[in-house]
Amino acid sequence: MDDVELGRIPAQREIPEPVKFAWPIMLIPELFATPRHLALVLGYLASIGWEVFVPNLRAAYGKGATPPLEKLRFNDLAAIAGEALDGIGRDAVVFGHGVGGLIALKLGEHRRAKASVAYAPLVPGFRTPLVSGFGNRVAMMMGRPIKPPRGRNLFELIADSDPFTREGLINAMVPDSGAIATDVMTGAIEFAAPDKAAPRLVVAGDSDIFAPLADTTKFAESMGAKLATIRGRGHWLIGGRALERAINETQRFLVRALGQDLLLLYPEEWKNDQN
């Protein structure tokens with residue numbers, strides 16, 4: 001794994017041997033999560049031949065014209081992610097989880113996006129329990145950062161993760177922007193029509209309390225995105241037994257959406273592109 005810079009944004013880059021696909025994937029995490037929470041997704045994708053970038057978008061908060069965490073809005077985060085995508089210097093497929101999934105869907109409008117994939121995206125207009133609690137409600141009203149879930153909601157969030165990873169996942173969670181959560185829950189987000197965006201896929205667990213399947217289905221339909229459902233799974237589609245099934249659905253979608261151009265039949269082509 002290499003440390004790289006995507007413009008002003010530091011990132012991790014994993015290059016498999018050989019690279020099997022013509023475009024890389026860029027990964028974006030959920031609220032309260034960091035690149036560390038995407039480690040299993042990164043490793044799995046690299047193991048099947050994808051070049052993968054995981055930018056640390058938080059490194060840009062409060063720098064230049066970018067607002068600090070407590071004032072960061074959804075469109076601000078999308079702009080930072082767009083910078084990272086530009087920084088790759090090539091077209092790419094954008095993956096995201098939760099709010100990161102919404103960012104991925106938004107970046108479907110970006111000139112560099114070949115396709116966008118959202119795992120368990122939060123649903124605009126739905127008051128997700130992910131940010132519930134009196135303290136977080138006050139923080140959102142006061143324009144302060146919000147805290148990761150606790151108790152039953154925390155258990156539900158990571159229930160589908162691998163047991164040996166749970167303590168590390170919990171310890172690595174960090175405060176996040178209440179303004180972004182407010183934008184999501186009030187539905188203050190717009191997505192382009194299908195003819196104005198790259199192909200889009202939503203992958204949802206049918207037991208997700210943070211983004212219920214009925215609401216997610218309506219959301220996907222509203223933007224003309226494809227929907228794949230993972231039976232018996234909740235919100236944490238980026239680990240555990242759900243991950244392989246989610247990636248299988250994603251692979252099928254990308255092959256259908258991007259066709260033969262997706263497959264890098266001659267790895268020498270990729271090496272030449274890097275020179």
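Leu154 and Val174 are assigned to two separate hydrophobic clusters, defined by single-linkage of ILVMFWY side chains at heavy-atom distances under 4.5 Å. Neither Met141 nor Ile146 shares a network with the other; the hydrophobic side chains, linked directly or stepwise wherever heavy atoms of I, L, V, M, F, W or Y lie under 4.5 Å apart, form separate groups for each. With hydrophobic clusters built from ILVMFWY side chains whose heavy atoms lie under 4.5 angstrom apart, Val4 shares a cluster with Ile28. Ile180 and Val138 are members of different hydrophobic clusters when ILVMFWY side chains are connected at heavy-atom separations under 4.5 Å.
A salt bridge is absent between Arg245 and Glu249; no separation between the charged side-chain nitrogens and carboxylate oxygens falls under 4.0 Å. Note on Asp261 versus Lys114: no salt bridge recorded, every NZ/NE/NH1/NH2 to OD/OE distance being 4.0 Å or above.
Considering only heavy atoms from C-beta on, Arg73 stays 4.5 Å or farther from Leu77 through its side chain. Residues Leu157 and Met173 form a side-chain contact, since some pair of their non-hydrogen atoms from C-beta on lies under 4.5 Å apart. Between Asp3 and Gln12 there is a side-chain heavy-atom pair separated by less than 4.5 Å. The shortest distance between side-chain heavy atoms of Asn153 and Leu130 does not fall below 4.5 Å. With a 4.5 Å cut-off on side-chain heavy atoms, Ile189 and Val184 count as touching. A 4.5 Å side-chain heavy-atom check between Pro67 and Tyr61 finds every atom pair outside the cut-off. Side-chain atoms of Phe74 and Thr182, non-hydrogen and from C-beta on, never get closer than 4.5 Å to each other. The closest side-chain heavy-atom distance from Val52 to Leu38 is not below 4.5 Å.
Between the side chain of Ser116 and the main chain of Val94, no donor-acceptor pair closer than 3.5 Å is present. Proximity of a side-chain donor or acceptor of His97 to a complementary backbone N or O of Trp236 within less than 3.5 Å is not detected. Checked by atom type and distance alone, the side chain of Asp206 pairs as donor or acceptor with a backbone atom of Gly232 at under 3.5 Å. Under a 3.5 Å cut-off, the side chain of Lys218 and the backbone N or O of Ala214 do not form any donor-acceptor pair. Judged purely by atom type and a 3.5 angstrom limit, Arg166 uses its side chain to pair as donor or acceptor with the backbone of Ala159. Side chain of Arg58 to backbone of Thr34: no donor-acceptor contact under 3.5 angstrom is found. Not a single donor-acceptor pair under 3.5 Å links the side chain of Thr229 to the backbone N or O of Arg231. Formation of a donor-acceptor pair under 3.5 Å by the Glu30 side chain with backbone atoms of Val99 is found in this model. Formation of a donor-acceptor pair under 3.5 Å by the Asp183 side chain with backbone atoms of Ala188 is not found in this model.
Ring centroids of Phe53 and Phe95 are separated by 6.0 Å or more, keeping the two rings apart.
Across all non-hydrogen atoms, the minimal contact from Leu237 to Val203 is CD1-O, 3.5 Å. Pro145 and Pro175 make their closest contact through CB-CB, 4.3 Å (heavy atoms, listed as atom of the first residue, atom of the second, distance). Counting all heavy atoms, side chain and backbone alike, Ala92 lies closest to Trp23 at CA-CB, 4.3 Å. Of all heavy-atom pairs spanning Tyr44 and Glu244, the tightest one is OH-CG, 3.0 Å. Phe32 and Asp176 make their closest contact through N-OD2, 2.8 Å (heavy atoms, listed as atom of the first residue, atom of the second, distance). The shortest heavy-atom contact between Leu57 and Ala84 is CD2-CB, 4.2 Å.
Note that the CG atom of Leu45 and the CD atom of Glu51 stand 12.0 Å from one another [nearest 0.5 Å]. The line from CZ of Arg152 to CD of Glu156 is 4.5 Å long, rounded to the nearest 0.5 Å. Within the model, atoms OG1 of Thr165 and CD1 of Ile158 stand 7.5 Å from one another, a figure rounded to the nearest 0.5 Å. Separating the CZ atom in Arg90 from the CZ atom in Arg112 is a distance of 9.5 Å, to the nearest 0.5 Å. A distance of 12.5 Å separates CG in Leu122 from CZ in Arg127, rounded to the nearest 0.5 Å. Interatomic distance, Arg36 CZ to Leu42 CG, rounded to the nearest 0.5 Å: 14.5 Å.
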In sequence, state the C-alpha distance, the side-chain angles, and the governing distance for Phe126 and Met185, and then conclude on side-chain contact (heavy atoms from CB on, under 4.5 Å). CA-CA 5 Å; Phe126 175 73; Met185 292 192 296; over 6 Å; no

Might you work through the side-chain contact (heavy atoms from CB on, under 4.5 Å) test for Leu263 and Lys20, ending with a clear yes or no? CA-CA 6 Å; Leu263 301 176; Lys20 296 181 180 179; over 6 Å; no

Check the pair Ile247, Trp50 against side-chain contact (heavy atoms from CB on, under 4.5 Å), reporting the backbone distance first and the verdict last. CA-CA 12 Å; Ile247 289 181; Trp50 288 96; over 6 Å; no

Using side-chain contact (heavy atoms from CB on, under 4.5 Å), reason through Val202 and Thr217 one step at a time and then give a plain yes or no. CA-CA 9 Å; Val202 172; Thr217 300; over 6 Å; no

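Side-chain polar atoms of Asp76 and Thr66 form no donor-acceptor pair below 3.5 angstrom. Side chains of Tyr119 and Thr250: a donor-acceptor N/O pair is present below 3.5 angstrom, by distance only.
Residues satisfying the side-chain contact (heavy atoms from CB on, under 4.5 Å) test with Asp208, not counting sequence neighbours, are Ala120, Phe210, Ala211, His235. The salt bridge (charged side-chain N to carboxylate O under 4.0 Å, His left out) test applied to Glu83 returns Arg8, not counting sequence neighbours.
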